[in-house]
Amino acid sequence: MTVESVPPEPRILAETESAEPPLADGAMPLLGHGWKLVRDPLAFLAGLRDHGDVVRLRLGPKTVYAVTAPELTGAIALSPDYIIAGPLWESLESLLGKEGVATANGPLHRRQRRTIQPAFRLDAIPRYGPVMEEEVRALVDRWRSRESVDATAEAFRLAVRISVRCLMHDTCNEVRAERISSALATLFRGMYQRMVVPLGPLYRVPLPANREFNRALADLHLLVDEIVAERRASGQKPNDLLTALLEARDGNGDPIGEQEIHDQVVAMLTAGDESIGSMVMSLLLVLTEHPDLADKIRNEANSVAGEGPIAFGDVRKLTYTANVVVETMRLHPSVWILTRRAVTDTELGGYRIPAGADIVYSPYAIQRDARSFERHEEFDPDRWLPERSAEVPKYAMTPFSVGNRKCPADHFSMAELTLVTAEVARAFRLEQAPDSDARTRIGITLRPRGLRLRPVAR
């Protein structure tokens, strides 16, 4: 799924060559294709492959190159000719800053990876097992006494508590968890609009939406400062990621700066809340839409754990459940749009890409492409059986990315998502409540808009 290799060297075009990608249809004056990315972005991006492997888009005054072929997105991810930059990261800058592992490039990024990687080594993951078990069982126990649940609030609450407790050993009370979830929901909604309709100064006008965005941003940064300050004041040094950050040194042997620590913590909270919380919601929706798959998950969990609770050590044996998780990530990826920037004149798919050009590509579109997946719109966990997954083209399914941008928490996330799915399917038959809204909510991430569920005890 996330196999990495060295891509073919990008070919530098001769001066006499002038290959230019085709321009996508439907650009409007001033807004360009931004209106399509606001109105129906998933359909728009999914249709670009029909126009070529590389297609030009207009976002306001800028030209952006959309890459639609999986082999080319793999080349971008693995080539030093492209860096983390572009409309997505510019929109996220006010949240993630410039000094965190999510946004840094070059030597700074490599040093940061070395700092955080030990916390996510495969042999380090089991120490997080008791926290995951405790939080998932608390969710199940909470649901037993309820006729309906707000899946959005519950998924984000679970994701925040697990990420904070595992990575920062911090007591995440209900008020703090709710503040983090609420702030990130507002921010990610506003950041998508800023990415596709880059109106710059207009977002500083004190309109209600802008004021709400700014309040959420200030509250999240305040929360991060609280977390870091509490750890410093405690004098404790548990074996966790926050301790690693507080004791990290730069290339000169000096402690890393406060801003870098702040940005790293924000990046952890963002990934642990928004991305994982969105995936949990999509998995819950899948369990409601495919009760036969939920029954298979329940049977597998019972065969592995017997009558007792599922232990973290059982997760690796839940192979069918893991395949359901992967297929959910294929059809309902939380991270559905990515951008990069070319740092040199190069080429992709025979087209010239000038230095400084912004690149955009959509895992959502690539993972639903009929050229890569047989019965591409069908939910089929068995396509990830070893004998069938080999048929999937390289880079057509990279939910955790590849290369030096591969998510360091991939094993952590898979274990968490698999355990949640198995425990919930084992305990309940899920139905959508009458006031549920399962339509896709499109922001920087994808998730169901307002999922409400009826957990019927098995």
**Electrostatic pair Arg441-Asp437, nearest N-O below 4.0 angstrom** = no
**Message:** Tell me whether the count of non-hydrogen atoms from other residues, nucleotides or ligands lying under 6.0 Å of CZ in Arg316 goes above 12.
**Reply:** no
**Prompt:** Does the pair Asp358/Lys62 count as a salt bridge with the N-to-O cut at 4.0 Å?
**Reply:** yes
**Request:** Check whether any side-chain heavy atom of Pro381 sits under 4.5 Å from a side-chain heavy atom of Leu293, and report yes or no.
**Result:** yes
**Message:** Are Phe44 and Arg39 packed together at the side-chain level, in the sense that at least one heavy-atom pair is separated by less than 4.5 angstrom?
**Reply:** no
**Asked** Do we see a donor-acceptor contact under 3.5 Å between the side chains of Asp263 and Gln259?
**Response** yes
**Asked** Going by atom types only, do Arg447 and Ser282 share a side-chain donor-acceptor pair under 3.5 Å?
**Response** no
**Message:** Please check: side-chain N/O of His33 versus main-chain N/O of Arg58, any donor-acceptor pairing under 3.5 Å?
**Reply:** yes
**Request:** With sequence neighbours excluded, tell me which residues meet salt bridge (charged side-chain N to carboxylate O under 4.0 Å, His left out) with Arg371.
**Result:** Asp50, Asp369
**SB check Lys394 Glu71 (cutoff 4.0 Å)** = no
**Charged N-O contact under 4.0 Å between Asp40 and Lys36** = no
**Asked** Taking 4.0 angstrom as the limit, do Arg352 and Asp345 come out as a salt bridge?
**Response** no
**Asked** Is there a side-chain contact between Tyr361 and Arg340, using heavy atoms and a 4.5 Å cut-off?
**Response** yes
**Request:** Name all residues meeting the side-chain contact (heavy atoms from CB on, under 4.5 Å) criterion together with Arg452; count only those two or more places apart in sequence or in a different chain, and write none if there are none.
**Result:** Ser148, Asp150, Ala433, Asp435, Ser436
**Asked** Any Lys/Arg nitrogen of Arg165 or Glu135 sitting under 4.0 Å from an Asp/Glu carboxylate oxygen of the other?
**Response** yes
**Prompt:** Are there more than 12 heavy atoms of other residues, nucleotides or ligands under 6.0 Å from atom CD of Glu377?
**Reply:** no
**Prompt:** Side chains of Thr243 and Arg231: is there a donor and an acceptor less than 3.5 Å apart?
**Reply:** yes
**Message:** Nearest 0.5 angstrom please: Ile256 CD1 to Arg111 CZ, how far?
**Reply:** 6.0 Å
**Message:** For Glu258, give me all partners under salt bridge (charged side-chain N to carboxylate O under 4.0 Å, His left out), at least two apart in sequence or on another chain.
**Reply:** Arg232
**Prompt:** Is Arg330 salt-bridged to Glu327, cutoff N-O under 4.0 Å?
**Reply:** yes
**Message:** If you take the centroid of each ring, where Trp contributes its six-membered ring, are Phe379 and His290 closer together than 6.0 Å?
**Reply:** yes
